[in-house]
Amino acid sequence: MKCKALPRTFYQRPATDVARALLGKTLVHGAVSARIVETEAYLGLEDPAAHAFRGLTPRTKVLFGPPAHAYVYLIYGMYECLNIVAETEGSPGCVLIRALEPLTGLAAMRRRRPGVRRDEDLANGPGKLTLAMGITRRDNGRDVTRGDLYVCHARQDDPFEMGVSARVGIRHAADWPLRFYVVGNRYVSR
DNA sequence: CAATAGATCATCT
DNA sequence: GATGATCTATTGC
């Protein structure tokens, strides 16, 4: 995939703004790329659902660092989730990538997701997309403005309608409208 | 189609 | 020792 990574300033604003702005952009990892169609914002110290809410620990260290870094963690003992750190150093807002529309490298994705039949099931969930894209905890802390894991503008920034809803799978602050998605897109999670 | 169980482990109490 | 920003397979209607 040949495109320029979004600059650090793109991520240097409130997590909610970054979550909205990432919709429709392209996530690239090596030769594999996909369109971001669903995101969630996590606000940090004011957000009981955020990992950073409990303060700085070895795990949340990356969240408290500078923006435009990947935060990858293990959930439920078997799946990994990809976030991108937003805001400024010391302000641990981040954006969870929840669903992707595969663009290039479909064969590689299917290889990493044996048993999946339909394209829309390859990356339509936070745990699925890390498998499909080959993203693991080894990518935790990586700078998303350099290297082979990054986000860039879509080839043609197709217009779309943005939907808003409550976040998925959390207990605290379960009714905060911080989930954003491309309305009508087949690759959005259930 | 909806509901539920089971897998499985790093992190925090 | 409990819990979770999940997924898949299976069961039941």
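A, B, ... follow the sequence lines: proteins, then strands. Residue 1 opens every chain.
Taking only side-chain atoms of A/K128, from C-beta outward, the nucleotide of B/dC9, C/dT8, C/dA5 with the closest atom is C/dT8. When distances are taken from the side chain of A/C94 to each of C/dC7, B/dC9, C/dA5, the shortest belongs to C/dA5.
With ring centers used as reference points, A/H51 lies under 6.0 Å from A/Y73.
When Watson-Crick and G-U wobble pairs are counted only if both distances are under 3.5 Å, C/dT10 pairs with B/dA3. A 3.5 Å limit on both hydrogen-bonding distances identifies no Watson-Crick or G-U partner for C/dA5. Across every strand in view, B/dT8 sits unpaired, with no contact that passes the Watson-Crick or G-U test at under 3.5 angstrom.
Of all the heavy atoms in A/G24 and A/A154, the pair that sits closest is O-CB, 3.4 Å.
The residue A/R190 sits apart from the nucleic acid: no heavy atom pair falls under 4.0 Å. At the heavy-atom level, A/G127 lies under 4.0 Å from the strands shown only through sugar-phosphate atoms.
Atom C1' of nucleotide C/dA9 and atom CZ of A/R113 are separated by 14 Å, given to the nearest angstrom.
Rounding to the nearest 0.5 angstrom, the gap separating the CG atom in A/D17 from the CD atom in A/Q12 is 13.0 Å.
A salt bridge is defined here as a Lys NZ or Arg NE, NH1 or NH2 lying under 4.0 Å from an Asp or Glu carboxylate O, and A/R98 with A/E40 meets this definition. Salt-bridge annotation for A/D119 and A/R110: present, with a side-chain N of the basic residue lying under 4.0 Å from a carboxylate O of the acidic one.
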Scan the side chains in residues 168-183 of chain A for donor-acceptor partners under 3.5 Å anywhere in the protein, sequence neighbours excluded, and list what turns up.
| from | atom 1 | to | atom 2 | distance (Å) |
| --- | --- | --- | --- | --- |
| A/R179 | NE | A/E38 | OE2 | 2.8 |
| A/R179 | NH1 | A/S165 | OG | 2.9 |
| A/R179 | NH2 | A/E38 | OE2 | 3.2 |

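Between A/R98 and C/dA5 there is no side-chain N or O to OP1 or OP2 distance below 4.0 Å. Dashed line: the shortest gap from a side-chain N or O of A/Y76 to OP1 or OP2 of C/dT6 is under 4.0 Å.
Using a 5.5 Å limit on the distance between ring centres and a 30° limit on the angle between planes, the aromatic ring of A/Y73 does not count as stacked on the six-membered base ring of B/dA10.
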Enumerate all atom pairs, one protein N or O and one N or O from nucleotides 11-13 of chain B, separated by less than 3.5 Å.
| from | atom 1 | to | atom 2 | distance (Å) |
| --- | --- | --- | --- | --- |
| B/dC12 | OP1 | A/T57 | OG1 | 2.3 |

